[in-house]
Protein chains: 2
Amino acid sequence: MTENTAAAGADSTTSAGPGAPAGTPRRLRADAQRNIDSLLQAAKAVFTTSGVDAPAKEIADQAGVGVGTLYRHFPQRSDLVKSVLQREIDACADAAPALAASHEPGAALTNWLHRYAELVASKPRLAKALHSGDPAFDELPGYFWQRFEPALASLLEAATASGEIRADINPKDLLYAIASLFVPMGDDGVAYSQRMVGLLIDGLRYGAEAGQSRC
Amino acid sequence: MTENTAAAGADSTTSAGPGAPAGTPRRLRADAQRNIDSLLQAAKAVFTTSGVDAPAKEIADQAGVGVGTLYRHFPQRSDLVKSVLQREIDACADAAPALAASHEPGAALTNWLHRYAELVASKPRLAKALHSGDPAFDELPGYFWQRFEPALASLLEAATASGEIRADINPKDLLYAIASLFVPMGDDGVAYSQRMVGLLIDGLRYGAEAGQSRC
DNA sequence: ATAGTTACCGGAAGAGCATTCCACTTCCGT
DNA sequence: ACGGAAGTGGAATGCTCTTCCGGTAACTAT
């Protein structure tokens, strides 16, 4: 994961923001950036163990900062949830080029798809919060596709070019199909869903040799 | 997903001693029953205006009782939510025979379907809480079908017998279809969904004269 | 009808969490 | 090294949930 993480503001980092209204080219101080990282890391851990409604102090303690610092960077709880998800999306999307560089195209693709499935599977509570109708999360689905579609597209392209994968696969469809497999599942069905995803990936291979399979 | 028809029997009368458990349903005192009614009515109102997370005191005040009384009858918040929903389901289901007695079969059917659609449409937040994975609500879907399927079945039967409605309609399918129309909608799309339901109901009529319409 | 026996009511008290505020600390440019 | 500004931490405040118990009103036996 690269250093992204604007807190609530959604700005900062490298871009000076030409479109921004004379706003904040001010770079974040080093300790502030460090604390934000700690908070996001702690929040991710606490969210998975104690749920998204965990006490703020628990997150602050785990990050080794005061609650004031938490509220400074994430005035609303939804800001924290949003940033955690964005960071996870980034981490997963950034893994695509890395895998492409270190594996055969076919292996890179399947590895990444499992990584993606893992991400989708491990966030049932976050996904619920996300679809709760809270307008604070409206931008997340867009970010999701914006990051994942190009990432998968390049992997697919490489695998197709090397002849390991058939050519009639649409990235968005595949992402959506895998995500759908996990929707109805609770905590138990994860293994089942993993098997289904494996089947799906095998299906990708099939067409490469046999031309076109059934629907 | 497979809905389970869980037995929703579970009455509030838990026999205390093994000595005389039979025949002592321990009737509720009159004022207690009155307060429970007030609480359910108030909870319904507050849930729709302030959401399911509204303060307990707000509900107690609106019901004209103390918070102690609320917690006596509904120790858990989910108990209150569950009871409110059951009461609404009951009210809607009980409206079916009443409509059948006071209207032509066709009118009774369409009136009831609109009533049902209204119920489904007005409870997005409650529905969310219901699907939140909390096992406290596991029995509710079963109760839903158990009450509504027979209610609609009798209305459909009468309307079919009088020739106003075609015969190839399955009660459960129709209930599910109407409920589905409201799923993706937020607060704005209610009007749209209502139009779709109207269309659906018109479709029921169509087949009665012309045989079989498009899907 | 009356007195006795409960079940039940109501709100005050205790505990926990979210959020704010500001004196103090740490960083960065000069 | 120094001064100013950005950033920090945690005490303080207010709100809410939940429990508890003295008082009250409803049933019951006579």
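Just so we're clear, the structure is a prediction, and the values are computed from it rather than from any experiment. Chain identifiers are assigned alphabetically (A, B, ...) following the order of the sequence lines, protein sequences preceding nucleic acid strands; residue numbering begins at 1 within each chain.
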Interface polar pairs with nucleotides 1-3 of chain C, N/O, under 3.5 angstrom:
none

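Rounded to an integer number of Å, the gap from Leu80(A) CG to dA18(C) P is 12 Å. Distance Leu39(A) CG to dG7(D) C1': 13 Å, rounded to the nearest Å. Leu70(B) places its CG atom 15 Å from the P atom of dT16(D), with the value rounded to the nearest Å. If you measure from atom CD1 of Ile36(B) to atom P of dG10(C), you get 13 Å, rounded to the nearest angstrom.
When the side-chain contact (heavy atoms from CB on, under 4.5 Å) test is applied to Arg77(B), the partners found at least two apart in sequence or on another chain are Phe47(B), Ala56(B), Val81(B). For Ala95(B), the side-chain contact (heavy atoms from CB on, under 4.5 Å) criterion is met by Trp112(B), Arg115(B), not counting sequence neighbours. Checked against side-chain contact (heavy atoms from CB on, under 4.5 Å), Gln76(A) has the following partners two or more places apart in sequence or in another chain: Ser78(A), Asp79(A). Under the rule for a side-chain hydrogen bond (donor to acceptor under 3.5 Å, both in side chains), the partners of Glu58(B) that lie at least two apart in sequence or sit in another chain are Ser50(B). For Ser154(B), there are no side-chain hydrogen bond (donor to acceptor under 3.5 Å, both in side chains) partners at least two apart in sequence or on another chain.
When the local axes at the two ends of the helix from dA1(C)-dT30(D) to dT30(C)-dA1(D) are compared, using 5 base pairs at each end, they differ in direction by 20° after rounding to 10°.
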Quiz item: Tell me, for nucleotides 18-30 of chain D in 5' to 3' order, what letter each nucleotide earns: B for a base near a protein heavy atom under 4.0 Å, S for only sugar-phosphate near one, - for neither?
Solution: BB-----BSS---
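Between Ala108(B) and Leu155(B) the shortest heavy-atom distance is CB-CD2, 4.1 Å. Contact detail for Leu40(A) and Ser83(A): the closest heavy-atom pair is CD2-CB, 3.6 Å.
Between Leu80(A) and Ile59(A) there is a side-chain heavy-atom pair separated by less than 4.5 Å. Side-chain contact between Phe148(A) and Leu174(A) is absent, with no heavy-atom pair separated by less than 4.5 Å. With contacts defined as side-chain heavy-atom distances shorter than 4.5 Å, the pair Gln86(B)/Arg147(B) does not qualify.
Of the residues in residues 59-66 of chain A, not one places a heavy atom less than 4.0 Å from an atom of DNA chain C.
For the residue pair Tyr143(B)/Asp90(B), the side-chain donor-acceptor check at 3.5 Å is satisfied.
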Listed pairs under 3.5 Å, donor-acceptor, residues 29-37 of chain B side chains, sequence neighbours left out:
{"unit_1": "Arg29(B)", "atom_1": "NE", "unit_2": "Asp31(B)", "atom_2": "OD1", "d": "3.2"}
{"unit_1": "Arg29(B)", "atom_1": "NH2", "unit_2": "Asp31(B)", "atom_2": "OD2", "d": "3.0"}
{"unit_1": "Gln33(B)", "atom_1": "NE2", "unit_2": "Asp37(B)", "atom_2": "OD1", "d": "3.4"}
{"unit_1": "Asn35(B)", "atom_1": "ND2", "unit_2": "Asp31(B)", "atom_2": "O", "d": "3.4"}
{"unit_1": "Asp37(B)", "atom_1": "OD1", "unit_2": "Arg87(B)", "atom_2": "NH2", "d": "3.0"}

Ignoring hydrogens and angles, write down the donor-acceptor pairs under 3.5 Å from the side chains of residues 61-71 of chain B, residues two or more places apart or on other chains.
{"unit_1": "Asp61(B)", "atom_1": "OD1", "unit_2": "Lys57(B)", "atom_2": "NZ", "d": "3.4"}
{"unit_1": "Asp61(B)", "atom_1": "OD2", "unit_2": "Lys57(B)", "atom_2": "NZ", "d": "2.8"}

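OP1 and OP2 of dC8(C) both lie 4.0 Å or more from every side-chain N or O belonging to His73(B). At dT8(D), one or more side-chain N or O atoms of Asn35(A) fall inside 4.0 Å of OP1 or OP2 (strictly under the cut-off).
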